[in-house]
Amino acid sequence: MERIENRIARITALAIHDLYNCEEKQENIQVQSTRKDQNGDYTVVTFPLTRVSKKKPEETGMEIGDYLRAHLPEISGFEVIKGFLNLTLSDQFWVGFFEGIADATHYGHKMVTIDSPVVVVEYSSPNTNKPLHLGHIRNNLLGFAVSRIIAASGNDVKMVNLVNDRGIHICKSMLAWQKWGNGITPESSGMKGDKLVGEFYIRFDKEYKIELKELISNGLTEEKAKVEAPIIRKAQEMLLKWENNDPETIELWTRMNNWVYAGFEKTYRQLGVSFDKFYYESETYKLGKDLVTTGLDSGVLFRKEDGSAWADLTADGLDQKLLLRSDGTSVYMTQDLGTAHQRYQEFAFDRHIYVVGNEQDYHFKVLKLVLKKLGFSWADKLYHLSYGMVELPHGRMKSREGTVVDADDLITEMIDTARKVSLELGKLEGFPPEEKEMVNYRIALGALKYYILKVDPQKTMMFNPEESIDFNGNTGPFIQYTCVRIRSVERKAAESGITGVINLSQVQELDPSEHDLLKRIYQYPDILEEAGRSLSPALLANYFYELVKEYNHFYQFCPIVKEPDQAKRNFRLALSRFIANHIEDGMGLLGIDIPDRM
RNA sequence: GGCCCUGUAGUUCAAUGGAUAGAACGGAAGUUUCCUAAACUUUAAAUGUAGGUUCGAUUCCUACCGGGGCUACCA
């Protein structure tokens, strides 16, 4: 069915034709939701139309208003204020709209079919030498939520993770473990595997610094010391061994990486994120060389005297970019060229989204440009979802200063706080212990996820540990609570044998708060679509916050089960039930679960 | 130096070029014989500076000032 905003715009165009004998395109007519503080549902902005009406804005508004009322039965009245024509829709329209969607299970979603565009979303992409931290949390939550949102917008989504499991940094951890590990394992130490390996990475760095200091005090320059420190040389040797498939090295590498994966798996499960497919750099790092060779042959890339291969992007306002070192080995960019190519072969995607921080904006610009130069038209289908850094009250996270917020620690802390608050409020008294834990977990994660996702992805965000644990105001638990309270009302209603079956003809008049809710819900398909188009879960978060605020207002002033008028009672119950389902569905897109009671 | 992002109440966030710039936290004052008060109601408080485009600018353009990032034969 055609949306009412479009119908208003269409009929307004007709009005202009009939009244002023002038053609105005429907797209040029501005129809927007009326401000909260004005009477009306939708507003036609008539300022621009005075150009064709050759009359004052007020007069133009009146004339178009009369025309619209005569031609659109849904319009029950209008008001003109300056250049704004505020149209009021009848209660029948809103109730009729609600009747059509009341039983929808995934209201506003577009179904995925075999013809749906294929969208690959790469996110998370961790290093196996460091445990996940707050920055990864934003990445994971964004990647997951964006995937869900665009899936709900009718795309066939493939969530993929490219694990950085090789390279000199991994060798550092391995070397440190060999030297100082004394055979320690996650089992023997009781440590999470990723944490244990992370410790050895730090240990390497510490020893490296000691060696550097010594070398410099012996008269070496810093640059020289950095390459000549014995420990880094050892790590280089190990990398070479790894690349030559030395069995012992490969065995250790496999073992330690598996520790890390077990650790990551646990964190991913806690966060509730998942992937359709994992890629490993150890299997992809050689990709891309062929592409570079082809590019050299066709002359779009060039060699320098030392044999290194480059792309010249100066014509596009960028620099020259190295693609193969003089020794023929590849760099990170080379591999990304290769994996993009591989993915296109594999999925023939309509779009490929990389969820990666904005510190890599330049990298992705180059990636796209080089692929284009190589003649791949699908380069335009690549999109870098560039999100802002997460800052702490004292500035950026710096491992050197020990200000890195560990993902597992943060989750644990959130759950502890949820437990404490629940206890203080006495909310979970009488709940079985397992349910208590489940509720605290869901509240904690709901708070964390909402806190991060409500911010526009593009923006740098401030993470204040104390605020994030807040459960009041514009927070996840606030939304969860509203939904839970509706579920409770539903149970009460069921006990009293109230069904919530609505009968359109019996609903005479809407309460203002009921009207606001229906109008809000009517907007949802547009919001969801826009969130998918702009890849912004924040839009959904804001929508549900507004909806929930309005619901709480309604709840305060409109009795549901206690309403004596049967038609009203049924309508309110049906509306409440719909909203609870709607919240649960929408929060699901953000990866937030709702407890049954809290 | 070059390139990119970003400046909104005390703080953290909103606002497809539209009306009197919205919330939340924090501050002040209220609401439980009534469906869960993790709620609701009332209240004070902000667009970095200067120009430009427009009927109309927080939004677009230019300059300046402030914050962040990138600019490796690292990944």
Side-chain angles (χ1 to χ4, degrees), chain A residues 30 32 34-38 43 45 47-48 50-51 57 81-84 86 127 129 164 166-170 281 285 304 306-310 317-319 322-327 329-333 335-336 357-363 365 386 388-389 391 393 395-396 418 421-422 424-425 427 443 447 451 454-456 458-464 466-468 470-475 477-482 484-493 495-496 526 530 534 538-539 541-542 545-546 548-549 551-553 555-563 572-573 576 597-598:
Chain A
Q30 295 178 52
Q32 52 197 235
T34 304
R35 281 175 61 107
K36 258 283 180 68
D37 54 354
Q38 300 288 333
T43 295
V45 185
F47 284 115
T50 54
R51 199 183 62 248
I81 295 172
K82 291 188 276 184
F84 300 98
N86 298 328
N127 289 335
N129 58 338
N164 184 345
R166 66 162 286 281
I168 185 71
H169 49 291
I170 312 298
E281 291 196 358
Y285 79 105
K304 290 196 175 173
D306 61 6
S308 55
W310 296 74
L318 304 178
D319 297 324
L322 176 84
L323 297 175
L324 290 177
R325 296 190 186 96
S326 47
D327 64 6
T329 56
S330 55
V331 292
Y332 194 66
M333 181 64 71
Q335 177 197 233
D336 259 10
N358 62 14
E359 61 210 341
Q360 295 201 37
D361 283 356
Y362 184 77
H363 175 81
K365 261 189 201 165
S386 162
M389 300 284 99
E391 284 183 359
R396 271 192 89 172
V421 175
S422 297
E424 271 169 19
L425 296 174
K427 286 280 180 181
I443 291 174
Y451 183 86
K454 75 176 175 182
V455 181
D456 182 345
Q458 198 186 17
K459 290 190 176 170
T460 302
M461 69 168 288
M462 172 64 64
F463 187 88
N464 185 326
E466 280 163 29
E467 273 178 30
S468 69
D470 207 335
F471 300 152
N472 300 313
N474 189 0
T475 65
F478 172 79
I479 294 171
Q480 290 169 318
Y481 176 71
T482 304
V484 163
R485 214 160 50 163
I486 296 174
R487 297 303 186 203
S488 173
V489 171
E490 284 185 70
R491 284 192 290 269
K492 287 266 158 46
E495 283 169 23
S496 322
D526 286 342
E530 177 60 21
S534 60
L539 296 179
N542 289 336
Y545 175 63
E546 294 295 330
V548 159
K549 248 194 332 174
Y551 184 83
N552 284 337
H553 184 81
Y555 182 89
Q556 200 73 15
F557 296 103
C558 296
I560 303 163
V561 174
K562 299 195 166 161
E563 168 60 45
R572 284 176 184 170
L573 184 58
S576 298
R597 44 184 191 155
M598 62 190 270

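Numbered from 1 within each chain, the chains take letters A, B, ... in sequence-line order. Worth knowing before you read on, the calculation uses all heavy atoms, side chains too, and leaves out hydrogens, waters and symmetry mates.
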So does Arg487(A) pair up with Glu490(A), basic N to acidic O under 4.0 Å? yes
Who are the salt bridge (Lys or Arg N to Asp or Glu O under 4.0 Å) partners of Asp37(A), not counting sequence neighbours? Arg35(A)
With sugar-phosphate meaning primed atoms plus P, OP1 and OP2, does Tyr332(A) contact a base, only sugar-phosphate, or nothing at under 4.0 Å between heavy atoms? base
Contact class for Val455(A) vs. all strands (heavy atom < 4.0 Å): base, sugar-phosphate, or nothing? sugar-phosphate
What is the distance, to the nearest angstrom, from the [atom1] atom on [X] to the [atom2] atom on [N]?
X	N	atom1	atom2	answer
Leu425(A)	rA39(B)	CG	C1'	12 Å
Gln360(A)	rA72(B)	CD	P	14 Å
Met462(A)	rU6(B)	CE	P	17 Å
Asn552(A)	rC35(B)	CG	C1'	13 Å
His363(A)	rU71(B)	NE2	P	11 Å
Leu323(A)	rC74(B)	CG	P	13 Å
Tyr285(A)	rC74(B)	OH	P	15 Å
Glu391(A)	rU11(B)	CD	C1'	15 Å

Please work out the stems of RNA chain B from pairs that are Watson-Crick or G-U wobble with both distances under 3.5 Å, keeping only runs of three or more consecutive pairs. B:1-7 with B:65-71, B:10-13 with B:22-25, B:27-31 with B:39-43, B:48-52 with B:60-64
From the list rC35(B), rC40(B), rA14(B), which nucleotide is the closest neighbour of the side chain of Gln556(A)? rC40(B)
Is the phosphate of [N], meaning OP1 or OP2, less than 4.0 Å from a side-chain N or O of [X]?
X	N	result
Arg485(A)	rA37(B)	yes
Thr460(A)	rG68(B)	no
Gln458(A)	rU6(B)	yes
Arg325(A)	rC74(B)	yes
His553(A)	rU41(B)	yes
Arg396(A)	rG67(B)	no

Less than 3.5 Å apart, any donor N or O on the side chain of Ser386(A) or Asp361(A) sitting next to an acceptor on the other? yes
Just say parallel, tilted or perpendicular for the rings of Tyr451(A) and Phe463(A), cut-offs at 30° and 60°. perpendicular
So, Ser534(A) side chain and Glu530(A) main chain: donor-acceptor pair closer than 3.5 Å or not? yes
Would you mind building the protein contact string for nucleotides 19-28 of chain B? One character per nucleotide, 5' to 3', B for base within reach (heavy atoms under 4.0 Å), S for sugar-phosphate only, - for untouched. BS-SSSS---
Ring centres under 6.0 Å, that's the criterion: do Phe478(A) and Tyr545(A) meet it? yes
